[in-house]
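Okay, structure first, notes after.
When a ligand or atom number is given, it counts from 1 through the structure's own listing order. When a residue number appears, it is its place in the shown sequence, counting from 1. The structure displayed is predicted, hence computed values, not measured ones.
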Amino acid sequence: MMTLRIAIQKSGRLYEDSVSLLKECGIDLRNVKDRLRTESDNFPLEVFFLRDDDIPQYVEDGVADIGIVGENVLFEKGKSVEVVEKLGFGKCRLAVAVPRAEAWSGIGSLSGRRIATSYPRLVKGFLAEHGVEAEIHEISGSVEIAPGIGLADVVADLVSSGSTLFMNGLKEVETILQSQSVLIRNHALDAGRLELLARLLFRIQAVKKAKRNKYVLLNAPNDRLQEVISLLPGMRSPTVLPLAESGWSSVHSVLSEDQFWDCIEKLKAAGAEGILVIPIEKMVL
Ligand code: PRT
Ligand code: ZN
């Protein structure tokens, strides 16, 4: 039987989220722990566990059909694959950082300096784009200690909370790339695999959409029902049910994360009470 082969990180920051995403898509995996490959019993999917750095190559070569990898790694490797979908996890940025005491006067001040990084290709592109010449020192780990031990003047490294830079006496001054995990695919998938990918993508999009939305239930006095309803976008329009207590209704709707707090405040002001907010597991429109 035809299966779709996906490459995901074996262990590290993307592992948990990658496995959870498949699970949320209803794909059960057999004994995931300490395996190099596994398959699913309820979806024609075979999973390869790899170092994240190797995933773009496997997908380009067609050893895996699709993969989950950070854009930072994808763009650094420069392999020829297609990005299918942004996945919204593994968010970070590749940033330039300098010793905290240093006055920063813009990208031009990188000129002639030594930059330590694990992302030479991305840094080179950034420098070229700004017409700056500097020395790139490629190191594979613990980039943030390079200035402290005299190996470099400046670093270009991944940052999420910023605490690693802070603890090493550095400050972030420029962003080279905003990154998150993406689903990538081989260019030349056959029709059967494209169809499996479409099924998987449909599920991924339903999971993503659900995460961005909440189910909201509230009680509203009937004399203010129209005002309350006008505040709720809903999928089509809100559901309204009478409460046992006369003069009151229960209103159900879906709210997106970005308008959430704003909307809740307005609903309260419009007389809504007993507002319940419930996570949505899947959302298919
Ligand atoms: O073994 P393998 O090669 O598969 O794993 P790895 O060690 O190369 O990668 P891993 O697991 O550390 O990271 C995998 C991916 O997670 C990266 O390629 C990014 O796409 C993403 N990601 C998201 C991050 C971070 N956030 C992150 N903060 N990767 C690394 N970091 C490191 C960063 O290098 C620095 O050392 O965390 C430190 C900074 O974090 P803050 O929170 O102190 O700013
Ligand atoms: Zn890696």
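- Below 3.5 Å of separation, one finds an N or O of Asp52 facing an N or O of ligand 1.
- In Leu14, the part holding a heavy atom less than 4.0 Å from any atom of ligand 1 is the side chain.
- The shortest N or O to N or O distance between Cys92 and ligand 1 is not below 3.5 Å.
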Taking only distance into account, with no hydrogens and no angle test, what donor-acceptor pairs under 3.5 Å do side-chain atoms of residues 125-142 form with protein atoms, sequence neighbours excluded?
unit_1, atom_1, unit_2, atom_2, d
His130, ND1, Phe126, O, 2.9
Glu135, OE1, His137, NE2, 2.9

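- A cation-pi contact links Arg100 to Phe166, judged by a cut-off of 6.0 Å to the six-membered ring centre and 45° from its axis.
- For atom 17 (C) of ligand 1, the choice among Asn72, Leu94, Val155, Val159 with the nearest heavy atom turns out to be Asn72.
- The presence of a protein heavy atom under 4.0 Å from atom 7 (O) of ligand 1 is ruled out.
- Of the candidates Lys91, Arg51, Glu144, the one placing a heavy atom closest to atom 1 (O) of ligand 1 is Arg51.
- If you check which protein heavy atom lies closest to atom 13 (O) of ligand 1, you get Arg13 CD, 3.5 Å.
- By the criterion of a heavy-atom distance under 4.0 Å, neither the backbone nor the side chain of Val143 is placed next to ligand 1.
- Atom 35 (C) of ligand 1 has its closest protein heavy atom at Leu158 O, 3.5 Å.
- For atom 21 (C) of ligand 1, the candidate residues are Ser11, Ser140, Gly90; the nearest heavy-atom contact is made by Gly90.
- Salt-bridge check for Glu60 with Lys77: failed, with every basic side-chain N at 4.0 Å or more from each acidic carboxylate O.
- Legend: protein N/O/S atoms lying under 2.8 Å from the Zn ion (ligand 2), waters omitted, number 2.
- Annotation: Thr164 places an N or O atom under 3.5 Å from an N or O atom of ligand 1; distance criterion only.
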